[in-house]
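Note: hydrogens, waters and symmetry copies are ignored here, and every other heavy atom, side chains too, is used. Numbering of residues begins at 1 and proceeds along the displayed sequence.
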Amino acid sequence: MDEKKVEGGKPAIDKEYLKKLAEKIKAEKAKKEGLAAEPSPMTPPPPPPPRPTAAQKPPAAPAGGIPMLGDEDEDEGEGMAAEKTAIIDLASLSGQNADARIIIIDGKDEGKALELTRDEVVAGRSLDNDFVISDISVSRKHFKIVRDTDGFKAEDMGSGNGIRVNGKKETSVVLFDGDLITAGARTIRFEIMNANLKEKYSRKTILAAEGGEVIVKSRTPVVAWVAILMVLIVGGGGSYLFYTQQQQQKQLQLKLEQEDMLDSIDKLLEENGFAEAEKLIDAFIFKYPGVKTREVTKNKELAQKEKVHSANFEQGRKLMLENKIEDSDAAFRKIPDDSLFYPEMIALVGKEKVESWEITAIEELIKNGKSDDAVRRISALLVEDPTSKKANELMASLKAQVGAQKVETIQTTVAKEKEEKKKEQAKEQAEREKRKQELISKGKIKAKPKPRPVVVKKPEPKPEPIVEAKTEYTMDDIQGAVDTYLSKDFDGAVSRLELVAGGADKKVSKKAKDLIERIKKFKKAYEDKDSKKAIIFDKQISGGKLKDELAELKKDGGGSKKASGGEDEFASGGGDSGSKKASGGGDYDEAKAKTLYMEAVSLKETDPDKAKEKFKEVMTLVPEDNKYYKKSKKALK
C-alpha cells in the first residue's frame with residue numbers, strides 16, 4: 001500500500017488505463033450478447049444496420065480520453081450499472097482508488113496520507129507499521145483502523161497515551177467522515193472517498209435520522225451561508241481543540257518530569273544516598289515550587305536526619321570489624337531509636353548491650369538529681385522489656401524518692417506516647433514499603449536480598465603464662481637465713497632469702513627482700529673492714545649479735561681508731577646518739593646524718609631521686625633508734 005501526498009483532497013487517476021479497461025469490458029460484453037442472440041438455422045439473419053449518412057456523425061469521444069457510452073447503452077439499465085460496478089472494483093484492486101484514507105494535518109509529517117484498501121491498517125512510530133507517524137509522543141504500535149462490513153472502526157492497541165476521536169478518549173469507535181484521531185501530539189483526519197459510504201457515515205445524516213428530519217439538499221443562499229458559518233465554527237472549534245490538546249500534552253509532559261524526579265529522590269533515600277537526595281530535593285523545590293509540598297518537605301527532613309545517623313552507623317560498623325569495640329560502641333550510641341539504622345544497629349551489637357547503655361545513662365541521670373527524666377527513660381525501657389531486672393531495681397529505688405503516685409503518672413504518659421510512636425513508625429514503614437514496591441515495578445530499583453548479619457572475628461585469646469605455684473614461707477625461714485648469716489656464710493644467707501622473697505606471703509617476702517639488701521651492704525663494709533658501718537648493718541640484720549666481733553675490725557690505713565680508757569668506740573651499743581666516739585668526743589656521725597637529712601629535705605621538691613639517695617645514706621650512718629634514721633624512713637615512705 002503506497003503512501004503519497006495528495007493535492008486538493010483527490011487521488012491521482014491514470015485516465016489512459018481506465019480508457020483501455022472500459023474498452024475491454026465493453027468488447028467482452030458485446031461478445032457475450034452476440035453469442036446469446038445467435039439465430040437458429042431456421043431463422044433468417046437480421047438485416048445489417050444502416051450505414052450512417054453524411055448527416056449522421058458518430059458520437060465524439062469525451063474529453064480526457066475516457067470512453068463514453070452511447071444512447072443505445074443507456075437503455076440497457078442494468079447492464080450499464082454492472083459495467084460501472086466492474087470498473088470500480090477493478091480500480092480498487094489496482095490500487096488506484098479506495099473507499100477512505102487517513103491524512104496527518106499537523107507536525108512535521110503534515111500532509112502525509114494513506115489510502116485504505118485493506119481490511120486492517122496499523123499506525124504508530126515503528127517503521128514496520130502500515131502508516132508510520134514520526135513523533136516521540138506516539139507509541140510504536142499506537143492504533144489500527146479496521147474495516148467493519150461497509151464502515152470503518154478505530155481501535156487503540158494499548159498505547160501509552162491512548163487515542164482521542166474528536167477530543168474524546170476512546171478504545172474502539174466507529175469512524176465517520178471528517179473525524180479527527182489524536183495519537184500523542186499528532187492529529188490524523190479520517191476521510192471517506194466513496195460517495196455512498198460518505199452519505200451513510202456522515203454525522204449529519206445520523207443526527208437527522210435520530211431527529212426524524214429529512215435532509216433536503218438546497219442551493220439557496222441561506223444554506224450556503226449556514227454552511228460557511230458551520231465551517232467557521234468547526235474551524236474555530238478545531239483550533240480550540242488543537243490548542244487544548246497541546247496544553248494537555250504540555251501538562252502531561254510536566255507531570256511525567258515531576259514524577260520521574262520524585263522517583264529519583266525515593267530511589268536515593270531507599271539506597272541510603274541521603275546527601276544526594278537532599279540536593280535533588282532542593283532542586284525540585286526550586287524548579288516546582290508548591291508541588292507536593294508536604295511529601296517533599298517530609299523527605300527532606302528524613303534525608304537531613306538520616307545522613308548523620310548513616311555516618312555514625314558506618315563508622316561504628318567499620319570500627320567493629322577492626323575489633324575497636326569501645327570506639328564502635330561510642331559511635332553506635334549516637335543512633336536514636338527512631339532512626340532507620342536503629343534495628344540494624346541492634347542486630348549488630350545485641351539487645352543486651354543496647355539495654356546496658358540505657359541503664360548507664362539512667363544511672364547518670366539519677367546521680368545528677370534528674371529523677372523525673374530517669375523515671376521517663378526507665379518507663380520507656382520497661383515498655384520494651386518488662387523483665388529487665390536492673391531497670392525494675394532502679395524504678396523501685398526511684399519510687400521511694402519521688403513517690404509511687406508520680407511514678408505511675410509518668411509511666412502511663414510514657415506508655416501512651418510509646419504506643420502512638422509505634423503506630424506512626426509502622427505507618428511510615430508501610431508507606432516506605434509501598435513506595436519501594438512501586439519503584440521495583442517501574443524498574444527503578446532491584447529487590448534486595450535479606451541482609452546477612454555482620455560476623456565480627458573475635459581475637460584469639462592469648463595463652464596464659466604457666467605460673468608455678470608459690471611456696472609458702474614463714475618468718476622461721478627468714479630466721480634460718482639469719483642464722484646462716486651469723487655463721488659468716490653471707491652468700492648462703494642471701495640465697496636462702498631470695499627463695500623466701502619469691503614466696504606467697506607478701507609480708508614475709510618483703511622482709512626477705514629488705515634483709516637481702518642489708519646483708520649485701522654489710523658484706524661490703526665487712527670486707528672493707530669498716531667496723532662502724534658493719535655494726536650498724538649487723539644491728540639491723542641480727543640485732544647486733546656480731547657487735548663484739550666487729551669492734552675488732554680495723555680498716556686498712558688506720559681508718560678505724562682503737563678503743564681507749566677500757567671502752568671501744570662502739571661500746572655504747574647505739575645509746576642516745578648511737579654514734580659517739582670512744583674518746584667521748586662529740587657527735588660527728590650524727591652531725592653528718594643531720595646535714596645529709598637537711599639536704600635531702602631541701603631536694604625533695606626539686607630533685608626527688610637525689611633526695612631519696614640522701615635519705616638512704618642517712619639511714620646507713622645512724623642506728624634505727626636514731627631520730628634522723630626514723631625521719632629519713634618516714635620521708636622515704
Value rounded to 0.5 Å, distance of [atom1] in [X] from [atom2] in [Y]:
X	Y	atom1	atom2	value
Phe284	Leu262	CZ	CG	4.0 Å
Glu617	Glu613	CD	CD	9.0 Å
Lys521	Lys533	NZ	NZ	9.5 Å
Lys370	Ile362	NZ	CD1	14.0 Å
Ile335	Tyr342	CD1	OH	10.0 Å
Glu408	Thr413	CD	OG1	11.5 Å

Determine, step by step, whether Leu280 and Ser264 satisfy the side-chain contact (heavy atoms from CB on, under 4.5 Å) criterion, reporting the C-alpha distance in whole Å, the side-chain angles of both residues, the deciding distance to 0.1 Å, and the verdict. CA-CA 8 Å; Leu280 192 58; Ser264 299; 3.7 Å; yes
Ignoring hydrogens and geometry, is there a side-chain-to-backbone donor-acceptor pair from [X] to [Y] under 3.5 Å?
X	Y	answer
Ser379	Val375	yes
Ser139	Gly160	yes
Asp260	Leu256	no
Ser509	Lys506	no
Asn392	Pro386	yes
Asp489	Thr484	no

Stepwise side-chain contact (heavy atoms from CB on, under 4.5 Å) test for Glu278 and Phe274: CA-CA 6 Å; Glu278 186 180 5; Phe274 300 108; over 6 Å; no
Thinking salt bridges, do [X] and [Y] make one under a 4.0 Å N-O criterion?
X	Y	result
Arg317	Glu314	yes
Arg333	Glu358	no
Asp530	Lys524	no
Asp514	Arg518	yes

Minimum-distance pair of heavy atoms, taken over all atoms of [X] and [Y]:
X	Y	value
Thr474	Val508	O-CG1, 3.7 Å
Val622	Ile536	O-CG2, 3.8 Å
Asp538	Lys547	OD2-N, 3.6 Å
Ala593	Val618	O-CG2, 3.5 Å
Leu302	Leu340	CD1-CD1, 4.2 Å
Gln540	Leu515	O-CD2, 4.4 Å

Report yes if the side chains of [X] and [Y] come closer than 4.5 Å at any heavy-atom pair, otherwise no.
X	Y	answer
Tyr526	Asp528	no
Leu636	Met619	yes
Val349	Trp357	yes
Asp338	Lys305	yes
Leu497	Lys511	no
Met345	Val354	yes
Phe332	Leu348	yes
Leu269	Glu306	no

Taking the ring of Phe522 and the ring of Tyr485, is the distance between their centroids below 6.0 Å? yes
Walk me through it: do Gln258 and Lys292 pass the test side-chain contact (heavy atoms from CB on, under 4.5 Å)? CA-CA 10 Å; Gln258 293 171 359; Lys292 294 192 175 183; over 6 Å; no
Heavy atoms from other residues, nucleotides or ligands near [atom1] of [X] exceed 12 (cutoff 6.0 Å):
X	atom1	result
Lys421	NZ	yes
Glu424	CD	no
Gln479	CD	yes
Lys594	NZ	no

Consider side-chain contact (heavy atoms from CB on, under 4.5 Å). Of Arg294, Lys300, Glu301, which one does Thr297 pass it with? Glu301
Pair Asn299-Glu295, side-chain donor/acceptor within less than 3.5 Å: no
Hey, are Gln249 and Gln253 close enough side-chain-wise for a donor-acceptor pair under 3.5 Å? no
Residues Lys616, Thr620; criterion side-chain contact (heavy atoms from CB on, under 4.5 Å); working and verdict: CA-CA 7 Å; Lys616 289 181 178 180; Thr620 61; 5.8 Å; no
Describe, in one word, how the ring planes of Tyr628 and Tyr597 are oriented to each other, choosing from parallel (under 30°), tilted (30 to 60°) and perpendicular (over 60°). tilted
Salt bridge (charged side-chain N to carboxylate O under 4.0 Å, His left out) assessment of Lys406 paired with Asp372: CA-CA 9 Å; Lys406 187 174 183 179; Asp372 290 357; 3.1 Å; yes
